[in-house]
Amino acid sequence: MDFPAAQPKPAADGKIIYYPPGVKEITDKITNDEVVKRLKMVVKTFMDMDQDSEDEKQQYLPLALHLASEFFLRNPNKDVRLLVACCLADIFRIYAPEAPYTSHDKLKDIFLFITRQLKGLEDTKSPQFNRYFYLLENLAWVKSYNICFELEDCNEIFIQLFRTLFSVINNSHNQKVQMHMLDLMSSIIMEGDGVTQELLDSILINLIPAHKNLNKQAFDLAKVLLKRTVQTIEPCIANFFNQVLVLGKSSVSDLSEHVFDLIQELFAIDPHLLLSVMPQLEFKLKSNDGEERLAVVRLLAKLFGSKDSDLATQNRPLWQCFLGRFNDIHVPVRLESVKFASHCLMNHPDLAKDLTEYLKVRSHDPEEAIRHDVIVTIITAGKRDLSLVNDQLLGFVRERTLDKRWRVRKEAMMGLAQLYKKYCLHAEAGKDAAEKVSWIKDKLLHIYYQNSIDDKLLVEKIFAQYLVPHNLETEECLYYLYASLDPNAVKALNEMWKCQNMLRSHVRELLDLHKQPTSEANSAAMFGKLMTIASKYPGKAQDFVKKFNQVLGDDEKLRSQLELLISPTCSCKQADVCVREIARKLANPKQPTNPFLEMVKFLLERIAPVHIDSEAISALVKLMNKSIEGTADDEEEGVSPDTAIRAGLELLKVLSFTHPTSFHSAETYESLLQCLRMEDDKVAEAAIQIFRNTGHKIETDLPQIRSTLIPILHQKAKRGTPHQAKQAVHCIHAIFSNKEVQLAQIFEPLSRSLNADVPEQLITPLVSLGHISMLAPDQFASPMKSVVANFIVKDLLMNDRSTGEKNGKLWSPDEEVSPEVLAKVQAIKLLVRWLLGMKNNQSKSANSTLRLLSAMLVSEGDLTEQKRISKSDMSRLRLAAGSAIMKLAQEPCYHEIITPEQFQLCALVINDECYQVRQIFAQKLHKALVKLLLPLEYMAIFALCAKDPVKERRAHARQCLLKNISIRREYIKQNPMANEKLLSLLPEYVVPYMIHLLAHDPDFTKPQDVDQLRDVKECLWFMLEVLMTKNENNSHAFMKKMAENIKLTRDAQSPDEPKANEKLYTVCDVALCVINSKSALCNADSPKDPVLPTKFFTQPEKDFCNDRNYISEEIRVLLLTGKPKPTGVLGTVNKPLSATGRRPYIRTTGSETGSNISVNSELSSSAGNRSREQSSDISETGVSENDENPVRIISVTPAKTEPVKNKEINSDQATQGNSTERGKKRTATASGTENIHQKPEEKNVDETGPSLAAKTRRGRPPKPEPQGTTAKNEETNKPPVRGRKRAAVSQESPGSLEAGNAKAPKQQDTAKKPAAAQRQIDLQR
């Protein structure tokens, strides 16, 4: 390049400075404007020069040195400084690779000067920005800063440069600016000997969240810089984190407190930056400092959970170590781990398997917040995509619906409801997803069985908002939901509607009370009604209900709105308007959150017809018609047409109870008539019941329906199924005015056509006749008496026309029961219905019936004693007889004539040898007690359940007691008038009945026998444990006083029999012993003097004093401490029920419910193998149909039993040393079999070993027999007399274990054992 001749100017040091042509000397003598003008020409000259111009380079060297003088570097004018910096950058370019400046200090000053000028890059709108950009570009292209590597303190320059560039970059810069900055900085990092901590800090500080938010462009610049220099900078980063994390030297950097934030950002930029850091984090995860572990967990949660992270697969040791923090002792650490799982499930479905086991453990965490967050984690992932959560994870949520904390239960229930609505109702993920969560609807409804009011109310909300929401086709949704529910869910839903209907009735009765004039009685009734309504809500419901009642009293318009809301004709749309109108009147604008208003709105929603009105019923009927015609989309909804029809009818049947007026239309009844003609028995039965519930106006408003319905009902009453016959008779009685004529047309032909020789044709007529005589006793009681006397008793019950199948089973399915026995069962029910219709005993028919039923129980169900009837059929008849006595006891006039002996026979059915008899009888007993239909004495029967060998039965009995006691106490609280009937309502008054019942227990024959006393104590504690849960009104002292008072009376059943009275007083002493040992509060004064039932106890005599202790101190200690209490449900002792008078049972242990386990560890291997073979055939239900009784068989080898189970199983063995006699009994029981009726080939005494003492069947004493018969039987080993059963079994070869209740007798020395006491029941024949 050719230049004009330069103008030489002398410099201060004597050297001549050559300026470019046209440029005058630049000194401090001229103005700034002139300096700028001349510098611009110099800049232009240097810009045009290149490295090859050696002459010009030599010529302008003095000028280059001059431009680095203090005058220029310290010049206050920024334009001057910018131009000088551009010149210097070009000088470094031109003279590269050697700089013209040799002084290190000068070089440092120059580069610091240039760095300061780079700040001008910040303002892109500045007129000088292009020059600043040129400066940056020149420096980056030439890598001028690399010259500084030769300087000792180059780090200061680099730090200043990095800080300047990061501070000036902003969103107005284009890509080129960022690229040149990156080139400049990356060259320094990659070509230097290393990155110092301060320089590293200048980069990393831009990653800290606070700085990141202030300057996003600086963060992006640092991010790209680190990516570009990853190989070079990684060791420096590793050293920094090593110093801070491992060595704990936080002073090495100001960023030490932000290490976890930095690690997160660095990992997001490039995981390779942290290759050496991750093992350090594993070390930190095991720190002793909980807060430090928490910080590391938070960090790693973000690293593992980020969307594109593969850290878990790349670093498995760290992942496993992190998972271990789910079990951290520090609660916040576990909580943080659980929160992480949600993101991990959503971003990394492949890790779900690893997380599942840890979430399972945390779902049972003792901390409520952690269990809650486990649910949130799983539900959040499930709502994002159902495929992200497996069935096991959903199962954890399912379990938490029963959590002990309401917050956790609520979250689980609401979460499941949301999943169901999204995937089942809206079908957002197809059929497979809908199938995966189809169980949710059942589970949510099952929760309605819980005792908590909160749970019940939430289920109702969920049903209205998620299961059958208003914004969908409500009727179709409800129709198919009901068809797909399991039986328990259906019952829960029915119960929910029933509760809402009852609440509706309470509100209606409250409004009726408002219409009546004010009086004290009215106020008391209103208060009771308010308490009843308030009991249906949690919290401060009483105050809110009272306030609402006050508002109702003051506002007549509000009352009229509420009356419209609960009227039978109110439609869903009208209900919505009413609810909003009432809520508007009660709303308070100044109070945004109003608990009172929320409670009232929920009350209104519960009583309003939210889903059901006349239109809804009509729509449901049309849907059912479509299913009948085959035009519905049943299969697409996942149900068969038959199922849809049957479920639809069941749904309508339930709604006919709660909304009967909504059915009143010809179209609805025509459809129901069509159902009556269908072959499906269940459908026809439901249709009849709907007519019965809703057809009160058919006769007057719909004569055509009436004329069609009558012949169908007659046909069903005569030849339909038993259930159809019952409903048909009731339907005729309910909806027709000439019911007497109609019923007579059915009664007369049926009563004339009864034929015991064709029992299969007897069942329906017997059902119809029984219900007719119950519904119209005045018309049919007399004609029925001759039917009962001549046919029912004489011809049917007292004759066995067929021989039962001798298969040894104690129970058979319904379809296998012989028609004759079914007819006899219905005959017994007919007797009861006939008596219940008459409701009087003027003809003494009830006495005769009770004697008949008692005889049936005494004869074990074989009334004729011809031994032609099978064991399973005898069980059916025993159940029918016991249930019949219990049914009659519900009528006061018959309860009075039931003798104590008959009551005791009835009670002993709950200890029947057949499992199903015990089960069904207990259910019937509970059902009647819970409705307050049975006298209180019948609750004492549950005490005998302590002897049941099956754990589930004991647990069921305990739940029944809890429910009954709770209901009675609640009834007394809510009904002020109930105080007058405390003797029949107060639960504590069951104690004298229980004491009397146990004193007459056939097992209790020896008042001083420790084993028998133990059984008595267990039965007493079974009841007392529940009664003594709370000491309400000093009830402990009251019960103690009752037991003490009984000792001052005599047994009214046999007042002059010393042994009977001794047994009674002994049971009293055992009861007092138990009460005193379990309660320290029983010694207080009783609040009132108890009244004892005169039917069971005589009046105390004035001079009679009974201060004798009937149990010795030694026995008392044995009863309380002699036997370790197992961990079973009821705290009863696992021992065989083998006292005199009962066939022994082997009680199950905690985990082997309903099993036939022999608890003696000396069982031979052959018996064990045999029982194992049989156990393989057991159904999964836990109760199987066996040769004797469907009780689950589980074979357990003692050596393999878990320690906890051993403690329970061998509870008797542990105490064998206490009594030689008990030890002998235990051995015999172990080597016997349960509930086995010996086959003929097994009866040979010589082959099977020495015979064991025969035992009588529980509760059914044998008939009187000639003196010496028992001794003769024992001598000859012949089959025992009627009423006794023998199980002669070898001690060495136990024989095959057949599932059922225990029947192995205790082995006792027959020479020493007295004959079993035989008690003759007075049947008053």
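Arg878 places no side-chain N or O within 3.5 Å of a backbone atom of Ser859 that could act as its donor or acceptor partner. In this structure, Tyr448 contributes its side chain and Asp455 its backbone to no donor-acceptor pair below 3.5 Å. At least one donor-acceptor pair under 3.5 Å links the side chain of Lys1063 to the backbone N or O of Phe1004. With Asp948 contributing its side chain and Val950 its backbone, the two residues share a donor-acceptor pair below 3.5 Å. Side chain of Lys1059 to backbone of Thr1005: a donor-acceptor contact under 3.5 angstrom is found. With hydrogens and angles disregarded, a donor-acceptor distance shorter than 3.5 Å links the side chain of Gln902 to the backbone of Thr899.
Counting non-hydrogen atoms of neighbouring residues, nucleotides and ligands closer than 6.0 angstrom, the NZ atom of Lys829 reaches no more than 12 such neighbours. Within a 6.0 Å sphere centred on NZ of Lys1047, heavy atoms belonging to other residues, nucleotides or ligands number more than 12. The neighbour count for Lys924 NZ, taken as heavy atoms of other residues, nucleotides or ligands under 6.0 Å away, does not exceed 12.
Taking the side chain as every heavy atom from C-beta outward, Val990 and Ile965 never approach each other to under 4.5 Å. Two residues are said to be in side-chain contact when any heavy atoms from C-beta on lie closer than 4.5 Å; Leu961 and Glu1025 fail this criterion. Side-chain contact between Asp1001 and Leu997 is absent, with no heavy-atom pair separated by less than 4.5 Å. In this structure, Thr1066 and Glu1062 have side chains that are in contact, with non-hydrogen atoms separated by less than 4.5 Å. Considering only heavy atoms from C-beta on, Glu937 comes within 4.5 Å of His895 through its side chain.
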Query raised in the report: Does the pair Tyr993 and Phe1096 meet the rule for a ring-ring contact (aromatic ring centres under 6.0 Å, His included), with working shown?
Result: CA-CA 8 Å; Tyr993 297 117; Phe1096 295 93; 5.6 Å; yes

Requested in this report: Applying side chain to side chain contact (heavy atoms under 4.5 Å, CB included), run through Ile885 and Val832 and close with a yes or a no.
Outcome: CA-CA 8 Å; Ile885 294 176; Val832 173; over 6 Å; no

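Judged by distance alone, the side chains of Glu988 and His1036 never bring a donor and an acceptor atom under 3.5 Å apart. Checking Gln1053 against Gln904 by side-chain atom types alone, a donor-acceptor pair falls below 3.5 Å. In this model, no donor atom of one side chain and acceptor atom of the other lie less than 3.5 Å apart for Gln1099 and Thr1049.
Taking the six-membered ring for Trp and the full ring otherwise, the centers of Tyr989 and Phe1038 sit less than 6.0 Å from each other.
Here Lys1095 does not pair with Glu896 in a salt bridge; the nearest charged N to carboxylate O distance is not below 4.0 Å.
Summarising the geometry of Lys871 relative to Lys809, their closest heavy-atom pair is CB-O, 3.1 Å, with the distance given to 0.1 Å.
Between Cys945 atom SG and Ile910 atom CD1 the span is 3.5 Å, to the nearest 0.5 Å. Tyr938 OH to Gln890 CD: the interatomic distance, rounded to the nearest 0.5 Å, is 9.5 Å.
Ring geometry, Tyr1110 versus Tyr1065: the interplanar angle falls from 30° to 60°, so the pair is classed tilted.
The only member of Asp912, Asp862, Asp814 that meets salt bridge (charged side-chain N to carboxylate O under 4.0 Å, His left out) when paired with Arg876 is Asp814.
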